[in-house]
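FYI, the numbering just counts along the sequence from 1. Atoms within a ligand are numbered from 1 in the order they appear, just like the ligands themselves.
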Amino acid sequence: MMRNYVLKCVYALLLLMLLYDDAASIHGDVKCLDKERRALLTFKHGIQDDTGMLSTWKDDDDCCKWQGVACSNQTGHVLRLHLRGLDSICLIGEANISTLIDLQNLEHLDLSGHQFLYFDISEHIGLFTKLTYLNLSYADIGGRIPYQLGNLSQLQYLDLNNIYDIYGAIPPQLSSLTHLRYLDLSYNFLDGEIPSQLKYLGQLQYLGLQSHGELSGAMPFQSGDLPLLRTLKLGGDFVLKTKQEVEWVSNLSLLKNLNVIECWQLSSMASTNS
Ligand SMILES: *[C@@H]1O[C@H](CO)[C@@H](O)[C@H](O)[C@H]1NC(C)=O
Ligand SMILES: *[C@@H]1O[C@H](CO)[C@@H](O)[C@H](O)[C@H]1NC(C)=O
Ligand SMILES: *[C@@H]1O[C@H](CO)[C@@H](O)[C@H](O)[C@H]1NC(C)=O
Ligand SMILES: *[C@@H]1O[C@H](CO)[C@@H](O)[C@H](O)[C@H]1NC(C)=O
Ligand SMILES: *[C@@H]1O[C@H](CO)[C@@H](O)[C@H](O)[C@H]1NC(C)=O
């Protein structure tokens, strides 16, 4: 009799657990995947976190609840990694972006503002094919801009401004990013010409090309190129020189914000334009 009762209780409990589990997944209480949690912990490993920004990142926890991490409530995949450094919060050390390649569904990656010393934007970045937003501005990452960025065909925002330690040419492969609305490459040590292929970025609304480096040649655009551009930032070594360049800019019907540093004639043109 007693045994029967216990059995019934056990069944009831099992049933409840099953129901709860079901309800949990319906109601979006999906936990992060093991593989993705391990990838995040590996990423954290090389980083010195004096301000405790990653203090919620612990071994046994559901990584979807960690600071800066957001997951799909259907699949549990990590969709966003948003670790923006403010003045007082700053991660230091070796940020190996390649350790994150198991986050195959990542759509948003923001590591801006940290002092990641001596680390490249790895060519593995091309594997994050679902990214729509990538912000590494003010992150002390070094190296060249990998041409593999051209693989991120969903990308809408690419902010690499003030990384400072990046050098070399702007890869023409960036022209494959046809959804790009925001491109900022300002204040790096880039050299070479601005690739003419960038004229194919038909959705571009913001273009930042102020330079500390040796960008040379002409602006490769003509009337009709980049028709949706609203903000254009030039300067440093790079200003508008030829008649054709000036004509291109003055014909941009949506341009509201022309920011040309060290080029007085053109700043007065900006005020007549807006
Ligand atoms: C799941 O995510 C979608 C889209 O982000 C959101 O609209 C919805 O409210 C979420 N559902 C739950 C239960 O959190
Ligand atoms: C970065 O991470 C990748 C993938 O885990 C690894 O293969 C590579 O050796 C790491 N690079 C460095 C410099 O630690
Ligand atoms: C990138 O992050 C910086 C702050 O670290 C922010 O000021 C900037 O607006 C961000 N860029 C985009 C495109 O959101
Ligand atoms: C980029 O995409 C091409 C094909 O679309 C693929 O062959 C290549 O492996 C990708 N490279 C990286 C680094 O993702
Ligand atoms: C561009 O502007 C010039 C004069 O500023 C004008 O003659 C030319 O027709 C314009 N081109 C287009 C495509 O609007």
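Inspection of the N162 and S137 side chains reveals no N or O donor paired with an N or O acceptor under 3.5 Å. For the 3.5 Å distance criterion, the side chains of R181 and Q156 qualify, holding a donor opposite an acceptor.
Residue contacts with ligand 3: Y133 is included, with a non-hydrogen atom under 4.0 Å away.
Distance from atom 9 (O) of ligand 3 to its nearest protein heavy atom, with residue and atom name: D159 OD2, 4.5 Å. At the top of the distance list for atom 2 (O) of ligand 3, counting protein heavy atoms only, stands N135 ND2, 2.4 Å. Taking atom 5 (O) of ligand 3 as the reference point, the nearest protein heavy-atom neighbour is S112 OG, 2.7 Å. Nearest protein heavy-atom contact of atom 13 (C) of ligand 3 is Y182 CE2, 3.4 Å.
Using bins of under 30°, 30° to 60° and over 60° for the plane-to-plane angle, the ring pair Y133/Y157 lands in the tilted bin.
Note: no N/O pair closer than 3.5 Å links S98 and ligand 2 by distance alone. Taking distance alone, with nitrogen or oxygen atoms compared against 3.5 Å, D110 stays at or beyond that limit from ligand 3. In terms of polar-atom proximity, Y157 is not counted as a contact of ligand 3, lacking any N or O under 3.5 Å from an N or O of the ligand.
By the SG-distance test at 2.5 Å, no disulfide connects C71 to C32.
Less than 4.0 angstrom separates atom 11 (N) of ligand 3 from at least one non-hydrogen atom of the protein. By the definition of a contact as any protein heavy atom under 4.0 Å away, atom 7 (O) of ligand 3 is not in contact.
Of all the heavy atoms in S153 and H179, the pair that sits closest is O-ND1, 3.0 Å. Across all non-hydrogen atoms, the minimal contact from N105 to L79 is O-CD2, 3.6 Å.
Apart from L228 itself, the hydrophobic cluster it occupies contains L254, where clustering links Ile, Leu, Val, Met, Phe, Trp and Tyr at side-chain heavy-atom distances under 4.5 Å.
Of all atoms in ligand 2, listed by their number and element, those nearer than 4.0 Å to a heavy atom of N96 are 1 (C), 2 (O), 3 (C), 8 (C), 10 (C), 11 (N), 12 (C), 14 (O). Each of the atoms 1 (C), 2 (O), 3 (C) of ligand 3 lies under 4.0 Å from some heavy atom of S137.
F189 and Y167 have their aromatic ring centers separated by at least 6.0 angstrom.
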